[in-house]
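Below: the structure, in structure tokens.
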Amino acid sequence: MAAREILKTLPRLGLATLIGLAGVCATPVLAQTQDAQQKAAVCAACHVTGTVQSSSPIPILWGQNEGYIYLQLRDFKNGVRATPQDATMNALASAMSDDEMHAMAKYASAQPWPQIDPVPTDAAPIKQGATAAAMGDCGGCHFNGWRGYSANPRLRGQSPAYLAATIRQFRSGARANSPGMADMLRALDATDIEAVAAYLSAVK
Amino acid sequence: MRVMPDANRGGKLERARRFRNSHALAICLVAFGYCATTLANDATTGARPATLSQERLTSAAKDQADFLLTHGNYEQTRYHLADRINRDTVKNLKLAWTFQVDLTESIQGAPIVYDGVMYLTTSYNHLFAVDAKTGKELWRYKHQMGPTVMLCCGPNNRGVTVLGDLVYMATLDAKLVALNARTGAVVWSKQLADPVKGYSITAAPTAVDGKILIGFAGAEYGIRGALKALDAKTGDELWTFYTTPENSVGVWATHDATGLDLHRDIAAEKAALAKRGDPYKTLGGSIWQNPAIDVANRRVYFVVGNPSPDLDGNVRPGDNLYTDSLVSIDLDTGKYVCHLQYIPHDLWDLDSVSPAVLTPVKDNDGRTVPGVLHGGKSGYLYVHDAKDCSLIRHSEPLVKVENERMLPTKEGVVVRPGPNGGVSASPLAIDPKLGLAFALTAEMAAKYSFYKSTEYPHGKLWLGGGFKGLPGEPVGGDIVAIDYNTGKIRWTVKKPLPMFGGLLATAGGLIFAGEGSGEFGAYDSSTGKELWSYKTDAGVNAPASTYMLDGKQYVVVGAGGNTQLNYPRGNKYYVFTY
């Protein structure tokens, strides 16, 4: 798998020492950012920084919430999140230390969120999705215009193909790293899945 | 007692003080990564507020001037003695000023007002000190949040507490910070629990007797809930009371405190217990708000939230003590004294959130005894004997009830009230002269479904089932006045939206309540007649405070909306006077 080759060539960086200064107002953070930036080149191979196709099964990563990114990396490494589609991430995360996960989460969350193309415009499914998301009280956790916060991920403007696939993975139990999400999504009607994905991806 | 700057000191010290007071200074505490900005433009502002003594806090219920604690006083009556604004004069109430905070998100905090200084908080733990007369900002503190915060119910904060020279705020990343009450400089910060395990804090802390009391949220993530006492000067931990004891099984109650059948399969639960052991370590039991305190008798009273996981009892056999309970502990040692469980083995997320209120009540023999009140998500007002926590009576249902305690199914069962219904999180207010408790209610059914059991997910969202809303819901909400000596509803004011926020009652014969539509109103406390209202620019979903300053009475309330009910968000606190 190409990922393993990439892993072998990544320099082992002294991120741990730089993390020690993470609480500071001023910026030796610059060096830390540069290290994360180098590592992030690997991520950008799949999580493109430019426009993302709406059919993309790979989610937008840049600008996602810091706490959520960290927890996913941790869950990829410890195997709690391990659907067949996650194999590459399981491999990449297995080489990361906790400090590196935190640094990567911090860096990635500060990047601009790419656009998707095309943005769904069909009014009927978008309205249906908005209603279903309101009934499910999804905004209780993914609040602030579906931006969420920290461990609760941003849904707004995400790839609709990824959202729909993720809803199905939670419902089937294939994605097992948040049983609460699985339960809430099982309460959704199956006929609302595509509509919810369209609605969330189209939020402006 | 005002501390005046000593003008006779002169020299370098006086010049330094003048410099500090006449210029804006940005102080960045590099070692801790916190920033506080002091904007003190005159000498007396920098010296306020005066040191706040424990004596003043203990007698807050008799305080005619300030609003010293989140719910007015340690008894949490939200009843204030100021009466210049009363049934006759409230029609003259008008907006004095608004204070705009630095972000637009849910406001649920109750302002503390002391010695001319008002403390206001926002979502994400920003804290403002404001001149309570003019609305001018004195200083602000912006908490630097840690990288991982787990929230179920919004990024809100319910306010601060003041003791001595310090003001304290608890944070979403499970810290408690102590700031200089005059300057906002951080004095200490303590990490109380691990956010990655699901711990967060939205509650206001309570300062009492050299201690700061604070509880945790996180029962949607399988925490072991707790109330902690910290040393007010140093932040060192004095004691911890876990809301889930090592023996959480209880008495295998088949009915809840109101006599409703819980439909439990006790035999299956006992078999599960034998296989799994006691579930106390991940049993939940959030503490969402301030405890009530009887300082003289050294007793603390608080209510505990739902068990983890919320809707699945299969993995947590037993009564699940002390979830969904009133609990009383010793103030000095944190040791258990008594409890009364409202809903054993809860499967409906009917956690106890609205804070306990201490007030004399009539027992069933007509004698007056020290009592405790709590308004439940279940839709009932509960009245207890404060000595042993026993239930004296409960009210008639305050909301429509349907399918109470029916078990969640795969297809889903509609239950009324749902997880955001009943009295929900809103604090009560009481009028001890009228013997009335005032509650805000939400008429909101939900469809509860259960699919299959899951094991503890190490700090991830763990609900055990799903709930969703229904077409045609919510139906609305009410302001309800209940005679707590009989349990009967005295009057009801119907409102078009579920009510969420909290009440203030005053000796002027008024109660104040806000709505998700932005309306903030004053009502005659004995009849419920609306006497005054004002339309703000966002949902009014926080409890109001009132205070006297230079002989004039003011009312202040936050208008920031609410996350759970998705009421319109705002960024202002509104201050009214005549």
Side-chain angles (χ1 to χ4, degrees), chain A residues 19 21-27 29 65-72 74-75 78 80-81 98 101-106 109 131-145 147-152 170-173 176-189 192, chain B residues 28-35 104-106 124 144-155 172-173 195-196 198 220-221 309-312 410 412 419-420 446-452 454-471 473 563-566 569:
Chain A
I19 300 299
L21 299 168
V24 179
C25 271
T27 2
V29 149
N65 297 331
E66 184 180 351
Y68 176 74
I69 297 173
Y70 163 72
L71 290 170
Q72 299 316 302
R74 188 199 65 176
D75 291 350
N78 65 28
V80 169
R81 179 172 172 179
D98 204 61
M101 291 181 193
H102 275 298
M104 186 55 61
K106 193 179 166 90
S109 65
T131 304
M135 296 286 224
D137 199 17
C138 309
C141 289
H142 301 280
F143 48 78
N144 191 17
R147 293 178 185 83
Y149 178 67
S150 195
N152 299 351
F170 272 123
R171 286 165 63 95
S172 73
N177 73 334
S178 179
M181 271 317 304
D183 282 319
M184 291 298 273
L185 288 169
R186 286 185 193 114
L188 195 63
D189 288 341
D192 284 333
Chain B
C28 187
L29 299 176
V30 171
F32 297 104
Y34 295 116
C35 294
T104 301
E105 192 37 278
S106 170
Y124 305 106
Q144 301 270 71
M145 207 72 75
T148 316
V149 171
M150 308 256 199
L151 300 176
C152 77
C153 306
L172 298 174
D173 56 347
V196 171
E220 280 58 50
Y221 296 92
D310 304 41
L311 306 191
D312 177 17
K410 190 146 182 273
N420 282 330
K447 195 173 197 182
Y448 288 83
S449 55
F450 169 73
Y451 180 70
K452 68 176 169 106
T454 49
E455 295 299 324
Y456 171 65
H458 297 279
K460 287 301 187 62
L461 190 66
W462 197 31
L463 300 176
F467 20 54
K468 73 195 261 191
L470 299 154
E473 298 281 343
T563 314
Q564 265 188 293
L565 296 178
N566 202 22
R569 308 300 200 277

Exercise. Does A/H142 have any ring pair (Phe, Tyr, Trp, His ring centres under 6.0 Å) partners at least two apart in sequence or in another chain, and if so, which?
Worked result: none

Problem set entry | Choice from B/G412, B/S449, B/C152 maximising heavy atom contacts with chain A below 4.5 Å | B/C152

Exercise. Under a 4.5 Å heavy-atom cut-off, does chain B meet the side chain of A/N65, its backbone, both or neither?
Worked result: neither

For this session: Spell out, as yes or no, whether a donor-acceptor pair under 3.5 Å connects the side chain of A/S150 to the backbone of B/V149.
Result: yes

For this session: Answer yes or no: is there a donor N or O on one side and an acceptor on the other, between the side chain of A/N152 and the main chain of A/C141, under 3.5 Å?
Result: yes

Exercise. What option among B/L172, B/T148, B/T104 has the most heavy-atom pairs under 4.5 Å with chain A?
Worked result: B/T148

Exercise. Is the backbone of A/A132 close enough, under 3.5 Å, to the side chain of A/D192 for a donor and an acceptor to pair up by distance?
Worked result: no

Problem set entry | ring pair (Phe, Tyr, Trp, His ring centres under 6.0 Å) partners of A/Y149, counting only residues at least two apart | B/Y124

Exercise. So which part of B/K460 gets closer than 4.5 Å to some heavy atom of chain A, the side chain, the backbone, both or neither?
Worked result: side chain

For this session: Would you check if the side chain of B/N420 reaches a backbone N or O of B/L565 as a donor-acceptor pair within less than 3.5 Å?
Result: no

Problem set entry | Toward chain A, the part of B/F450 with a non-hydrogen atom under 4.5 Å | neither

Problem set entry | Per-residue contact mode, A/L188 against chain B (heavy atom under 4.5 angstrom) | backbone

Problem set entry | Segment of A/N78 engaging chain B (4.5 angstrom heavy-atom cut-off) | neither

Exercise. So, are A/E66 and A/K106 salt-bridged, with charged N and O less than 4.0 Å apart?
Worked result: no

For this session: Counting only heavy atoms closer than 4.5 Å, note whether B/P309 contacts chain A via side chain, backbone, both or neither.
Result: neither

For this session: Mind ranking A/M181, A/M135, A/M184 by heavy-atom pairs under 4.5 Å with chain B and telling me who comes out on top?
Result: A/M135

